[in-house]
Amino acid sequence: MPKVKCKCTSEYCGHSPNICDKPISVTLRLKVAIGLGQFTETVETGVCEDCYDKAKEVIPWAFPKGINSK
C-alpha cells in the first residue's frame, strides 16, 4: 500500500510553489471557520513532521497547548 504524501505548499516551509511530498507522519483533526461562530464538520488531514513543526513555529496560535499535539 503506498504511503500518503504531504501536500503542503506553504511559503513558510520553503517549498512554495512546489509540493512537499514527504511521507505524512502527523495526523490533524480540525474544523474550519466558515462564518461567525460557524464551523465545518471535523475533517482529518495530515502533514509531514517538518511541515508540522514549521507551522507550529510560524502560527503558534493555531496549535493551542495540549490540542493537536503529536
Side-chain angles (χ1 to χ4, degrees):
M1 179 168 168
K3 290 199 175 216
V4 178
K5 302 288 183 143
C6 179
K7 299 300 180 195
C8 178
T9 59
S10 293
E11 287 184 25
Y12 60 76
C13 287
H15 45 248
S16 178
N18 301 314
I19 295 174
C20 174
D21 214 29
K22 293 180 185 172
I24 287 177
S25 57
V26 179
T27 301
L28 302 171
R29 289 172 195 81
L30 50 96
K31 292 182 179 187
V32 178
I34 56 174
L36 191 57
Q38 296 179 313
F39 296 87
T40 64
E41 295 294 320
T42 301
V43 295
E44 189 171 287
T45 189
V47 294
C48 72
E49 193 162 349
D50 290 342
C51 290
Y52 179 74
D53 289 342
K54 189 65 175 178
K56 287 194 315 182
E57 179 184 313
V58 174
I59 52 172
W61 49 265
F63 302 90
K65 190 172 184 165
I67 299 175
N68 285 335
S69 54
K70 295 186 230 178

(request) Could you tell me the separation between the NZ atom of K22 and the NZ atom of K5, rounded to the nearest 0.5 Å? (result) 11.0 Å
(request) Write down the atom of C48, the atom of C6, and the distance for their closest heavy-atom approach. (result) N-SG, 3.5 Å
(message) Within the structure provided, determine whether D50 and K54 are in side-chain contact (heavy-atom separation under 4.5 Å).
(response) no
(message) Which heavy atom of A55 sits nearest to which heavy atom of Y12, and what is that distance?
(response) CB-OH, 3.6 Å
(message) Restricting to non-hydrogen atoms, name the atom on Y52 and the atom on V26 that form the minimum distance, rounded to 0.1 Å.
(response) CD1-CG1, 3.6 Å
(message) Donor-acceptor check, side chain of S25 to backbone of E49, threshold 3.5 angstrom: yes or no?
(response) yes
(message) Same cluster or not: F39 versus L30, using hydrophobic residues (I, L, V, M, F, W, Y) connected whenever any side-chain heavy atoms lie under 4.5 Å apart?
(response) no
(message) Would you say CD of E44 has more than 12 non-hydrogen atoms from neighbouring residues, nucleotides or ligands within 6.0 angstrom?
(response) yes
(request) Provide the closest heavy-atom pair for T42 versus R29 in the form atom of the first, atom of the second, distance. (result) CG2-CB, 4.0 Å
(request) Taking all non-hydrogen atoms of both residues into account, name the closest pair between I19 and K7 and its distance. (result) CG2-CA, 3.5 Å
(request) Considering non-hydrogen atoms only, spot the tightest contact between N18 and T9 and give its length. (result) O-CG2, 3.4 Å
